[in-house]
Amino acid sequence: MHLLVVGASGFLGAEVCRQAVAAGHRVAGTYHSTTVAVPGAAPHRLDVTDRAAVRELLIRVRPDAVVATPYRYDDWAVTADGAAHIAVAAAEVGARLVHLSSDALHAGRPTPYADEDVPTPLHPYGAAKAAAETAVRAVDPGAALVRTSLIVGEGSKQIQLCRDALAGRATLFTDELRCPVHVADLAAAVLELVPGDHAGLLNVAGPDAVSRAELGRLVARHDGVDAGALRTTTIAAAGLHRPGAVVLDSARAAGLLRTRLRGVTELYG
């Protein structure tokens with residue numbers, strides 16, 4: 001299989017490349033400002049906001065499948081328009097598309113979110129991820145859209161945030177619940193979906209719903225440091241308007257995939 005990973009210099013994209021290369025696939029990866037450093041993956045510079053450039057690359061590379069992970073937290077053009085450009089180009093060359101989405105498009109509620117629950121974004125990034133999904137589904141109804149949560153593992157920004165809070169450089173919320181997933185598990189799940197025929201939305205996250213503060217305490221235990229200095233607060237106390245409890249129900253993915261999605265308590269407990 002010839003696989004193109006858009007966003008191969010990112011945390012997840014690089015892991016997808018590594019696993020695909022190890023599995024013997026022909027792999028190409030795109031980067032914007034940081035060169036892909038995955039051995040065996042052919043690097044291609046790409047600005048996903050440039051529709052013509054995206055089309056030219058897909059026509060030139062002619063991949064069998066595309067794993068699309070484009071996002072920039074504060075940039076609608078990258079997150080939303082970029083996803084649309086990739087979907088259009090992938091459809092033109094007949095490539096299977098697996099698009100990575102996020103739990104950031106949900107507002108938070110007491111009950112878990114099912115795969116097909118409608119987005120209710122509270123902030124611009126969540127709205128951009130919701131718009132990206134809308135575009136991808138309109139362009140390619142056969143595409144797989146993976147909604148995931150906090151991605152953990154060594155090198156993860158989420159784990160670094162916990163370590164910063166333990167060092168007094170950041171604050172974690174006690175009422176912001178998520179379902180962390182290890183980058184290796186998520187990448188393996190994504191690669192399982194590439195040759196399959198699953199179409200539409202699929203929650204792919206860890207089975208444990210924990211607050212960011214709880215994640216910080218787990219990281220402290222894993223690192224062998226005192227959690228007593230962990231800085232925590234609540235969303236309300238901080239005066240912020242952001243999603244609280246966003247718990248993804250990944251039961252469908254657990255039944256569909258061979259990859260076991262490990263819980264964060266297993267990983268860091």
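The structure presented is a predicted model; accordingly, all values stated were derived computationally and were not measured.
Qualifying side-chain hydrogen bond (donor to acceptor under 3.5 Å, both in side chains) partners for D185, counting only residues two or more places apart in sequence or in other chains: R262. In this structure, the side chain to side chain contact (heavy atoms under 4.5 Å, CB included) partners of R51, at least two apart in sequence or on a different chain, are H85. Partners of H222 by side chain to side chain contact (heavy atoms under 4.5 Å, CB included), not counting sequence neighbours, listed by chain and number: Y268. Residues that satisfy the ring-ring contact (aromatic ring centres under 6.0 Å, His included) test with F173, not counting sequence neighbours, are absent from this structure. Looking at residues two or more places apart in sequence or on another chain, you find a side-chain hydrogen bond (donor to acceptor under 3.5 Å, both in side chains) between D164 and Q160, R169.
Separating the CD atom in E214 from the CG atom in D208 is a distance of 10.0 Å, to the nearest 0.5 Å. The distance from the NE2 atom of H32 to the CG atom of D50 is 9.5 Å, given to the nearest 0.5 Å. To the nearest 0.5 Å, atoms CD (E176) and OG1 (T232) are separated by 12.5 Å. For the atom pair Q158 CD and L172 CG, the distance stands at 10.0 Å (nearest 0.5 Å). Between the CG atom of L202 and the OG atom of S101 there is a distance of 11.5 Å, given to the nearest 0.5 Å. Interatomic distance, D140 CG to H99 NE2, rounded to the nearest 0.5 Å: 11.5 Å.
A salt bridge (Lys or Arg N to Asp or Glu O under 4.0 Å) check over residues 145-157, counting only residues at least two apart or in different chains, returns the pairs E133-R147, E154-R163. Applying the side chain to side chain donor-acceptor pair (under 3.5 Å) rule to pairs touching residues 250-260 yields E192-T259, R260-E266, sequence neighbours excluded. Evaluation of the salt bridge (Lys or Arg N to Asp or Glu O under 4.0 Å) test over residues 224-234, restricted to residues two or more places apart or in two chains, returns none.
With R178 as the partner, the side chain to side chain contact (heavy atoms under 4.5 Å, CB included) test is satisfied by one option alone out of V210, T148, L248, V246: V246.
Hydrophobic cluster membership for L105: none, as no Ile, Leu, Val, Met, Phe, Trp or Tyr side chain comes under 4.5 Å of it. Grouping Ile, Leu, Val, Met, Phe, Trp and Tyr by side-chain contacts under 4.5 Å, direct or through others, puts V88 with V139. Taking Ile, Leu, Val, Met, Phe, Trp and Tyr as hydrophobic and joining them when side-chain heavy atoms fall under 4.5 Å apart, one finds Y71 in a cluster with Y73, Y125. Side-chain contacts under 4.5 Å among hydrophobic residues (ILVMFWY), followed directly or transitively, place V93 together with L4, V6, L46, V48, V54, L57, L58, I59, V61, V66, V78, I86, L97, V136, L145, L201.
Contact between S149 and P180 at its shortest, heavy atoms only, is OG-N, 4.3 Å. Closest approach of L257 and A189 over heavy atoms only: CD1-CB, 3.6 Å. Annotation for A227 and R217: closest pair CB-CG, 4.2 Å, computed over non-hydrogen atoms. Taking both residues in full, the closest heavy atoms of A107 and Y113 are given as N-OH, 3.7 Å, listed atom of the first, atom of the second, then distance. Looking at every heavy atom in both residues, P141 comes nearest to A138 through CD-O, 4.4 Å. Closest approach of A187 to Q19, counting heavy atoms only: CB-NE2, 3.6 Å.
Without hydrogens or angle criteria, H25 side chain to V27 main chain gives no donor-acceptor distance under 3.5 Å. No donor-acceptor distance shorter than 3.5 angstrom exists from the side chain of D249 to the backbone of A114, with no hydrogens or angles considered. With hydrogens and angles disregarded, no donor-acceptor distance shorter than 3.5 Å links the side chain of R221 to the backbone of G224. At distances below 3.5 Å, at least one donor-acceptor pair connects side-chain atoms of T30 with backbone N or O atoms of G7.
You'll find the side chain of H123 stays beyond 4.5 Å of the side chain of H241, heavy atoms only. Between D64 and V194 the shortest side-chain heavy-atom distance does not fall below 4.5 Å. Between V67 and L12, every side-chain heavy-atom pair lies at or beyond the 4.5 Å cut-off. P43 has its side chain within reach of Y31: a pair of non-hydrogen atoms, C-beta onward, lies under 4.5 Å apart.
By the criterion of side-chain heavy atoms lying less than 4.5 angstrom apart, applied directly or through intervening Ile, Leu, Val, Met, Phe, Trp or Tyr residues, V264 is not grouped with V181; the two fall into different hydrophobic clusters. There is no path of hydrophobic side-chain contacts, each under 4.5 Å, that joins L177 to L150. Criterion: ILVMFWY side-chain heavy atoms under 4.5 Å apart, direct or through other members. Under it, V16 and V98 are part of a common hydrophobic cluster. Note: the hydrophobic cluster containing L267 also contains I159 (ILVMFWY, side chain heavy atoms under 4.5 Å, direct or indirect links). Note: the hydrophobic cluster containing I151 does not contain L215 (ILVMFWY, side chain heavy atoms under 4.5 Å, direct or indirect links).
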| query | Do D175 and T234 pass the side chain to side chain donor-acceptor pair (under 3.5 Å) test, and can you show the C-alpha distance, the side-chain angles, and the key distance before you say yes or no? | reply | CA-CA 6 Å; D175 53 352; T234 64; 4.5 Å; no
